[in-house]
Amino acid sequence: MKKYLIKRLLQSIPILIGITIMTFAIMQLSPGNPMQTMIDPKISSEEMQRAQENLGLNDPLPVQYFTWIKEVFTGNLGYTVKTGQPVGQLILERLPATLLLTGTAFVMAFVVGIPLGVYSATNRFKAPDYVLTVLSFIGISIPSFFFGLGMIFIFALKLGWLPTSGIVTIGADLTGFAKFMDYVKHVTMPSIVLALPTIAVVMRFTRSSMLEVLNQDFIRTADSKGLSKLKVNLKHALRNALIPVITIFGLSIPFLFGGAYITEHIFNWPGMGSLGIQSIVAREYPVIMALNLFTSILVMTGNLLADVMYAWADPRIRY
C-alpha cells in the first residue's frame with residue numbers, strides 16, 4: 001500500500017501542472033483583464049501602463065505562467081491585483097467557513113443517503129421505494145440556486161425559523177451553547193442545499209448496489225441459517241454493497257467544494273466559494289489559479305481516499 005500511495009502521489013504532479021496550464025490559458029482567453037476592473041478616470045494611460053508593467057501583465061504569457069508556478073513551489077500563491085493581499089492568507093481566512101459548510105453537508109449526505117438507499121432496496125417495488133425514487137430524481141434535477149431561494153422564502157421569510165444569510169448573527173454577543181446554536185441555525189439551510197444532490201446520488205447508488213448483493217448466494221445462505229433480517233442486511237449485504245458508494249465518497253469531496261460556489265453566493269456565506277465568485281468578476285487571476293489548484297488537489301485526495309477505503313470494505317482488493 002505504501003508503494004502504491006507514493007506512486008499515485010508522483011503521478012499527481014504532472015496532472016496538477018497540466019491543470020494549472022489549462023486554467024491559466026482559459027483565464028487569458030476570457031475577455032478583459034484585472035486592470036479593467038480598476039479603471040479610474042483620474043489615472044492616465046501612462047500610469048495604467050506602468051501599473052501593468054509592475055504587475056507583470058505585459059510579460060509574455062509563458063513568462064507569466066512560469067513566474068507563478070515557480071512561486072507556488074516555494075509556497076507563495078501570489079498577491080491580489082487590487083489590494084496586494086497575499087492569496088494564501090486570503091484563502092486561509094475563508095477556509096474555516098467553507099470547511100464548516102462542506103463538512104456538515106458531507107456528513108449529512110452519507111448519514112441520510114445510505115440508510116435511505118438500504119430502506120429503498122429492502123422495500124423494492126413498494127410504496128416507500130417509489131416515493132424515495134421520485135424524491136431522489138427531484139434532488140438530482142433541481143438546481144441548487146432555485147432550491148436555495150425556495151428555502152430562504154419559506155423557512156426564513158415566511159416562517160421566520162432560520163436566518164437568511166451569513167454565518168453568525170451580526171451584532172449578537174453570544175457565548176457557549178447560545179453561540180453554538182446560532183452557528184447551527186445559520187448552517188442548516190446552506191448545508192441542506194449543498195448536500196441534497198449528493199444525498200440523492202448516494203441513495204440511488206446504495207439502492208442499486210444493495211439489490212445486486214441481496215440476490216447473491218451468500219445472502220441466501222445467511223437467511224437459511226436463521227439470521228435476523230436486520231443482521232443480514234447490515235452486516236452481510238451493506239458492507240459488500242459499499243464499493244460503488246465509496247466511489248461517491250471520494251468524488252463528493254471536490255463536488256461539494258465546487259457546489260459551494262453557488263450555495264455560498266446565495267446565502268452570503270463568507271467562504272472560499274463566495275471568494276471564487278468575487279475573484280472571477282474582478283479578474284483576480286492569482287486567486288482563481290490558487291482556488292483551482294486547491295480544488296484539483298481535493299479531487300486527487302478524494303480518489304486516493306476512495307482507493308484506500310476499497311481495501312477496507314473488500315479484503316479481496318488487498319490481494
Side-chain angles (χ1 to χ4, degrees), residues 1-35 52-95 98-99 102 106 246-262 271-310:
M1 182 63 73
K2 183 178 179 180
K3 183 179 179 181
Y4 172 75
L5 291 176
I6 293 174
K7 182 180 178 181
R8 286 291 301 271
L9 290 173
L10 291 175
Q11 288 175 344
S12 65
I13 295 175
I15 296 175
L16 283 174
I17 293 175
I19 291 172
T20 59
I21 293 174
M22 290 181 62
T23 306
F24 184 80
I26 291 173
M27 290 305 303
Q28 293 296 332
L29 290 173
S30 63
N33 61 61
M35 297 305 299
Q52 288 189 216
E53 188 70 33
N54 294 334
L55 292 171
L57 297 176
N58 290 337
D59 294 339
L61 296 184
V63 174
Q64 292 185 41
Y65 172 77
F66 281 111
T67 300
W68 178 80
I69 203 71
K70 181 183 69 175
E71 293 297 324
V72 167
F73 281 116
T74 62
N76 178 20
L77 295 176
Y79 300 88
T80 60
V81 176
K82 282 189 174 182
T83 63
Q85 185 177 359
V87 174
Q89 177 186 339
L90 192 61
I91 291 177
L92 288 176
E93 289 175 357
R94 300 291 192 106
L95 183 58
T98 296
L99 289 178
T102 55
F106 184 82
I246 289 174
T247 303
I248 303 300
F249 182 91
L251 295 178
S252 63
I253 298 175
F255 175 80
L256 289 173
F257 271 87
Y261 275 65
I262 296 176
M272 296 198 309
S274 57
L275 174 64
I277 296 291
Q278 295 167 9
S279 302
I280 292 171
V281 173
R283 299 293 194 275
E284 288 282 5
Y285 294 160
V287 180
I288 298 171
M289 294 285 286
L291 290 173
N292 184 73
L293 182 64
F294 182 81
T295 306
S296 303
I297 293 173
L298 280 177
V299 173
M300 295 180 181
T301 304
N303 288 331
L304 193 59
L305 285 174
D307 290 342
V308 173
M309 292 181 67
Y310 286 150

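Keep in mind that the numbers below use all heavy atoms, side chains included, and drop hydrogens, waters and symmetry copies. In this chain, numbering begins with 1 at the start of the sequence shown. The structure presented is a predicted model; accordingly, all values stated were derived computationally and were not measured.
Rounding to the nearest 0.5 Å gives a distance of 12.0 Å between CD1 of Ile17 and OG of Ser296. Separation of atoms OG1 (Thr98) and OH (Tyr261) is listed at 9.0 Å; rounding is to 0.5 Å. Met289 contributes atom CE, which lies 13.5 Å from atom CD of Glu284 (distance to the nearest 0.5 angstrom).
Using a 4.5 Å heavy-atom cutoff, the side chains of Leu99 and Phe106 are not in contact. The side-chain heavy atoms of Ile19 and Leu293, taken from C-beta on, include no pair separated by under 4.5 Å.
Qualifying ring-ring contact (aromatic ring centres under 6.0 Å, His included) partners for Tyr65, counting only residues two or more places apart in sequence or in other chains: Phe24. Residues passing the side chain to side chain contact (heavy atoms under 4.5 Å, CB included) test with Ile288, sequence neighbours excluded: Met27, Ser279, Ile280.
Nearest heavy-atom pair across Leu77 and Gly88 is CD1-CA, 4.0 Å. Heavy atoms only, all atoms of each residue included: Arg94 and Ser274 are closest at NH1-OG, 3.0 Å. Of all heavy-atom pairs between Ala260 and Thr102, the closest is CB-CG2, 4.3 Å. When all heavy atoms of Val87 and Pro286 are compared, the closest pair comes out as CG2-CB, 3.9 Å.
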Self-check item: Verdict with reasoning, Met272 to Phe294, per side-chain contact (heavy atoms from CB on, under 4.5 Å)
Solution: CA-CA 10 Å; Met272 296 198 309; Phe294 182 81; 3.3 Å; yes
